[in-house]
Amino acid sequence: MTTALADTERPTFSARLKAETAARHEQAEHSSFMADLMGGKLDRKAYRMLLTQYVYMYEALEEVAAGFRAHPNPITEPFVLEGLDRLASIKADLAELGGPTSDQPLPATADYAAAIRATASAPERFLAHHYLRYLGDLSGGQAVAALVARHYGVPAEALSMYRFEALPKPKVFKDSYRGLLDDAPLTDAQRDALVDETLAGFDCNTRVFAQLGESLVS
């Protein structure tokens with residue numbers, strides 16, 4: 001009975017992942033660039049700058065996801081749903097807003113994309129970036145969409161990256177996703193690697209936001 005009780009009290013892996021990355025998540029989310037963007041202190045071009053960097057991030061993420069779809073892996077197979085893909089929507093949103101603000105990624109974005117591509121042979125590390133980006137879009141991303149629409153008049157036609165029409169409602173999907181993480185056939189070492197890679201992913205985001213902020217004043 002004692003063992004059974006201990007098992008039920010043990011936190012799930014998804015809960016552990018959220019808890020152990022919460023501080024880095026908050027640091028990225030409350031960067032000066034994002035705080036100013038969400039607070040209405042910037043302009044529509046600043047949002048276009050952010051979307052432009054997303055192109056390079058999601059190209060890398062969805063390139064690796066396509067590889068795992070082509071060569072199924074028991075760790076990634078439940079996660080790599082085509083309904084999650086955002087790249088086409090991001091490009092469509094940018095077109096609605098006047099196009100990309102640059103034809104080159106920021107150095108931090110290039111490093112981030114390289115880090116994602118480096119996970120092509122490490123499914124547990126790929127899942128870290130998959131989790132960070134897509135659950136972010138389904139969570140805080142929904143607030144981003146509402147705030148840029150309110151502050152900068154971004155029309156619904158230019159916010160398609162935040163609409164996941166091929167998936168269940170966000171909360172239903174996120175709960176299911178966390179359940180899949182809990183049940184994924186990961187070793188303890190792979191779970192540790194997934195947490196470490198998620199921390200690194202949040203650090204990548206923080207550096208991208210910092211360079212976006214620097215671009216505004218340069």
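All residue numbers in this chain count up from 1 along the given sequence.
- Evaluation of the side chain to side chain contact (heavy atoms under 4.5 Å, CB included) rule for Pro100 yields Thr52, Leu94 as partners, not counting sequence neighbours.
- For the pair Asp182 (side chain) and Ser14 (backbone), a donor-acceptor distance under 3.5 Å is present.
- Within the 3.5 Å criterion, the main-chain N or O of Thr21 finds no donor-acceptor partner in the side chain of His25.
- Checking side-chain atoms of Arg163 against main-chain N and O of Ala156 turns up a donor-acceptor pair under 3.5 Å.
- Looking only at side-chain heavy atoms (C-beta outward), Glu59 and Lys91 come within less than 4.5 Å of each other.
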Tell me, with the steps shown, if Arg150 and Leu147 meet side chain to side chain contact (heavy atoms under 4.5 Å, CB included).
-> CA-CA 5 Å; Arg150 179 191 309 168; Leu147 289 169; 3.7 Å; yes
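- A side-chain donor-acceptor contact under 3.5 Å links Arg69 to the backbone of Val80.
- Taking the six-membered ring where tryptophan is involved, the planes of Phe173 and Tyr177 are tilted, since the angle between them lies from 30° to 60°.
- Note that the CD atom of Glu197 and the CD atom of Gln190 stand 13.0 Å from one another [nearest 0.5 Å].
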Evaluate side chain to side chain contact (heavy atoms under 4.5 Å, CB included) for Leu50 paired with Phe33, printing each intermediate quantity in order.
-> CA-CA 10 Å; Leu50 176 62; Phe33 174 83; 4.3 Å; yes
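- Residues Leu84 and Val144 share a hydrophobic cluster, clusters being chains of Ile/Leu/Val/Met/Phe/Trp/Tyr side chains in contact below 4.5 Å.
- The two residues Val154 and Ala158 come nearest to each other via the heavy atoms CG1-CB, 3.8 Å.
- Between the CD1 atom of Ile116 and the NE2 atom of His129 there is a distance of 5.5 Å, given to the nearest 0.5 Å.
- You'll find the side chain of Leu159 reaches within 4.5 Å of the side chain of Tyr47, heavy atoms only.
- Rounding to the nearest 0.5 angstrom, the gap separating the CG atom in Leu17 from the CG atom in Leu199 is 8.5 Å.
- Counting all heavy atoms, side chain and backbone alike, Val64 lies closest to Ala120 at CG1-CA, 3.8 Å.
- Under a 3.5 Å cut-off, the side chain of Thr206 and the backbone N or O of Phe202 do form a donor-acceptor pair.
- At a threshold of 4.5 Å between side-chain heavy atoms, the hydrophobic network of Ile, Leu, Val, Met, Phe, Trp and Tyr places Tyr131 and Phe68 in one connected group.
- A salt bridge is defined here as a Lys NZ or Arg NE, NH1 or NH2 lying under 4.0 Å from an Asp or Glu carboxylate O, and Asp175 with Lys171 meets this definition.
- In this structure, Asp137 contributes its side chain and Tyr162 its backbone to no donor-acceptor pair below 3.5 Å.
- Val172 and Pro168 get closest at one heavy-atom pair: CG1-CB, 3.9 Å.
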From CA spacing to verdict: side chain to side chain contact (heavy atoms under 4.5 Å, CB included), Tyr134, Leu61 | CA-CA 10 Å; Tyr134 295 125; Leu61 187 63; 3.5 Å; yes
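- Checked by atom type and distance alone, the side chain of Glu62 pairs as donor or acceptor with a backbone atom of Leu87 at under 3.5 Å.
- Side chains of Arg16 and Arg191 form a contact here, defined as non-hydrogen atoms less than 4.5 Å apart.
- If you chain together hydrophobic residues whose side chains sit under 4.5 Å apart, Met38 and Tyr54 fall into the same group.
- The shortest heavy-atom contact between Pro107 and Gln211 is CD-OE1, 3.3 Å.
- Met49 approaches Ser215 most closely through the heavy-atom pair CE-CB, 3.6 Å.
- Once rounded to the nearest 0.5 Å, the distance linking NZ of Lys18 with OG1 of Thr198 reads 14.0 Å.
- Side-chain atoms of Leu181 and Phe79, non-hydrogen and from C-beta on, do get closer than 4.5 Å to each other.
- Inter-residue side-chain proximity for Phe126 and Asn73 is flagged as unmet; no heavy-atom pair is nearer than 4.5 Å.
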Side chain to side chain contact (heavy atoms under 4.5 Å, CB included) between Phe13 and Val195, worked out | CA-CA 10 Å; Phe13 175 63; Val195 172; 4.0 Å; yes
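- The structure places CE of Met57 at 5.5 Å from CG of Asn205, a figure rounded to the nearest 0.5 Å.
- Proximity of a side-chain donor or acceptor of Tyr56 to a complementary backbone N or O of Leu106 within less than 3.5 Å is not detected.
- A donor-acceptor pair under 3.5 Å is formed between the side chain of Asp93 and the backbone N or O of Met161.
- Closest of all the heavy-atom pairs between Ala113 and Ala60 is O-CB, 3.6 Å.
- The environment of NZ in Lys174 is crowded: more than 12 heavy-atom neighbours from other residues, nucleotides or ligands sit within 6.0 Å.
- The CG atom of Leu212 sits 12.0 Å away from atom OG of Ser32, with the distance rounded to the nearest 0.5 Å.
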